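See below for the structure under consideration.
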Amino acid sequence: MSDRIVTMSDSTDQFVLTDRPAPSLSHRYRLLPDGLNTSHYTVVPAYQVRAGDVVAAFFTDGPGIPHARHVPQAFPAKPRACGTCTAECQTCEDVPFGATDRYVCLNPADERADCVIRFRNTPVAIIPADVAACFPSLDTAPLLPSLFALDDGEYGPYEALPVHRGWGPWDMISVTRVTAEQIAADLAFRDAGRHLTCRWLDDSLLIASDPRMRTEPGRPGYLIQPDADGRYLIGGLWRWEDWSSPSCPECSADTEQIDVEDEKVWRCTAPDCTRRTYGTGDPDDDEDLPPYTETDEDGTTTVYYGTGEIDIETTAELAAQNGPREDDQDADDDSAG
């Protein structure tokens, strides 16, 4: 489905509805139920969102026609007055004192997420409740796993069951046997696993500390056994970090992690942008990245600056060096004659 331009009722403002991205490591978007897609979207101001409407996207700010910013997990709206939250969520705490009447809460906090609060006139892409009722419920789409990492994101991501809103970095995450094996293998090389050893005892994972580092001499270690679903609860031994792909500092598109000459960097996924970044959001960081080369399937080598821009001069010089030599060309001409 191609992008389409829509307007709000009683307004000439235009909005671009883009296709909802397929879920991937770089695009953390839960699928919509079978049959629902952006053709069912309509745009209304936040104060017109009604109970049961499916909130599917917000929009970009700045110059030009706003483009859809899809909600990672579309949700049925439960509008309420802003300032009535009892969950002490961070979003509500950020609302300026005395300005609650300028906002609307589209969804109250639950065990996994804070309140969703927007200015009253914020444009929102919704699927009207009566339209959504003609399709399977949102719960029929599989939940996206949470992603975690070790050592500033250098190792991971590790997929786990979604965690609750009050989850902390020293708490447990629930992973499959395959993921538990990957975590155990990575710990041997990472700072997070310093002084720890991992060993499998049939279906159980034993994580033990160096005997010289134990505060309780003789303690065998931490034995993790699979639960009834065959999953492993791992946590409390090091600090888990949320894993996410940073936005491109140049065009704000999603990035993906790649290996360039033994270095892990992020590259923009937008087809017309080749920016590389450390993921800090500071474009100047790219200037410290070393240049690199890539060779395509035809054997053509392209040289890039650390920012991801093509080094045209060096690439051309390299192509000339690798091109047919004059002696070879003369030999070809003689054989042809």
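Everything numeric in this text was worked out from a predicted model, so none of it was measured.
- The shortest heavy-atom contact between I126 and V44 is CD1-CG2, 3.9 Å.
- In the hydrophobic clustering of ILVMFWY residues, with side-chain heavy atoms under 4.5 Å counting as a link, L233 and W238 come out together.
- Between the side chains of T301 and T293, no donor-acceptor pair of N or O atoms lies under 3.5 Å.
- Scanning both residues, A81 and T84, for their nearest heavy atoms gives O-OG1, 2.9 Å.
- No side-chain heavy atom of N37 sits under 4.5 Å from any side-chain heavy atom of D19.
- Legend: side chain to side chain donor-acceptor pair (under 3.5 Å) pairs involving residues 118-139, not counting sequence neighbours: none detected.
- Two residues are said to be in side-chain contact when any heavy atoms from C-beta on lie closer than 4.5 Å; L187 and L150 meet this criterion.
- For D186, there are no salt bridge (charged side-chain N to carboxylate O under 4.0 Å, His left out) partners, not counting sequence neighbours.
- The side chain to side chain contact (heavy atoms under 4.5 Å, CB included) check on V71 picks up V55, F58, F75, with sequence neighbours excluded.
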Requested in this report: Under the ring pair (Phe, Tyr, Trp, His ring centres under 6.0 Å) rule, what do W200 and Y232 come out as? Steps first, then yes or no, please.
Outcome: CA-CA 12 Å; W200 286 96; Y232 295 78; 5.5 Å; yes

Query - Steps toward ring pair (Phe, Tyr, Trp, His ring centres under 6.0 Å) verdict (W167, F148) - result: CA-CA 12 Å; W167 180 91; F148 298 94; 4.9 Å; yes

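- By the criterion of side-chain heavy atoms lying less than 4.5 angstrom apart, applied directly or through intervening Ile, Leu, Val, Met, Phe, Trp or Tyr residues, L205 is grouped together with W240 in one hydrophobic cluster.
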All N/O donor-acceptor pairs, side-chain side in residues 170-179, below 3.5 Å, sequence neighbours left out:
{"residue": "D171", "atom": "OD2", "partner": "G168", "partner atom": "N", "Å": "2.7"}
{"residue": "S174", "atom": "OG", "partner": "R231", "partner atom": "NE", "Å": "2.9"}
{"residue": "T176", "atom": "OG1", "partner": "T179", "partner atom": "N", "Å": "3.3"}
{"residue": "T176", "atom": "OG1", "partner": "T179", "partner atom": "OG1", "Å": "3.2"}
{"residue": "R177", "atom": "NE", "partner": "E181", "partner atom": "OE2", "Å": "2.8"}
{"residue": "R177", "atom": "NH2", "partner": "E181", "partner atom": "OE2", "Å": "3.4"}

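- Under a hydrophobic clustering in which Ile, Leu, Val, Met, Phe, Trp and Tyr are joined whenever their side-chain heavy atoms come within less than 4.5 Å, directly or via other members, L147 and L144 fall into different clusters.
- Hydrophobic clustering (ILVMFWY, side-chain heavy atoms < 4.5 Å, transitive): I117 and V49 are in distinct clusters.
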Requested in this report: List the steps and the verdict of side chain to side chain contact (heavy atoms under 4.5 Å, CB included) for D13 and V43.
Outcome: CA-CA 10 Å; D13 293 342; V43 181; over 6 Å; no

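- Partners of F15 under the ring pair (Phe, Tyr, Trp, His ring centres under 6.0 Å) rule, at least two apart in sequence or in another chain, are F59.
- Not a single donor-acceptor pair under 3.5 Å links the side chain of T7 to the backbone N or O of T12.
- Residues meeting the ring pair (Phe, Tyr, Trp, His ring centres under 6.0 Å) test with H70, sequence neighbours left out: none.
- For L143, the side chain to side chain contact (heavy atoms under 4.5 Å, CB included) test picks out R30, Q73, P162, with sequence neighbours left out.
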Taking distance alone, no hydrogens or angles, what donor-acceptor pairs closer than 3.5 Å link side-chain atoms of residues 89-105 to residues at least two apart or in another chain?
{"residue": "Q90", "atom": "NE2", "partner": "D94", "partner atom": "OD1", "Å": "3.0"}
{"residue": "T91", "atom": "OG1", "partner": "C115", "partner atom": "O", "Å": "3.4"}

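- When all heavy atoms of A74 and V54 are compared, the closest pair comes out as CB-CG1, 3.8 Å.
- One distance of note links CD1 of I224 with CD1 of I207; it measures 4.0 Å at 0.5 Å rounding.
- The CG atom of L36 lies 10.5 Å from the CZ atom of R20; values are rounded to the nearest 0.5 Å.
- Residue I5 shares its hydrophobic cluster (ILVMFWY side chains chained together at separations under 4.5 Å) with V16, I65.
- For V163 against S146, the heavy-atom pair with the smallest separation is N-OG, 3.5 Å.
- With sequence neighbours excluded, the residues that form a side chain to side chain contact (heavy atoms under 4.5 Å, CB included) with P169 are R239.
- Checking side-chain atoms of D53 against main-chain N and O of A77 turns up no donor-acceptor pair under 3.5 Å.
- Linking Ile, Leu, Val, Met, Phe, Trp and Tyr whenever their side-chain heavy atoms come within less than 4.5 Å puts Y41 and V131 in one cluster.
- Here ring pair (Phe, Tyr, Trp, His ring centres under 6.0 Å) pairs that include residues 120-140, with residues two or more places apart or in two chains, are H40-F135.
- Note that CD of E317 is 10.0 Å distant from OG1 of T315, once rounded to the nearest 0.5 Å.
- A distance of 4.5 Å separates CD1 of I234 from CD1 of I183, quoted to the nearest 0.5 Å.
- A 4.5 Å side-chain heavy-atom check between H67 and T18 finds at least one atom pair inside the cut-off.
- Atoms CG and CG, on N107 and D114 in that order, are 11.0 Å from each other to the nearest 0.5 Å.
- A donor-acceptor contact shorter than 3.5 Å links the side chain of R4 to the backbone of T38.
- Summarising the geometry of T42 relative to P128, their closest heavy-atom pair is CG2-CG, 3.8 Å, with the distance given to 0.1 Å.
- Partners of I312 by side chain to side chain contact (heavy atoms under 4.5 Å, CB included), not counting sequence neighbours, listed by chain and number: I310.
- Side-chain atoms of P45 and V124, non-hydrogen and from C-beta on, never get closer than 4.5 Å to each other.
- With a 4.5 Å cut-off on side-chain heavy atoms, L237 and Y222 count as touching.
- Two residues are said to be in side-chain contact when any heavy atoms from C-beta on lie closer than 4.5 Å; T295 and T300 fail this criterion.
- With a 6.0 Å radius and a threshold of 12 heavy atoms from other residues, nucleotides or ligands, D34 has its CG atom at or below the threshold.
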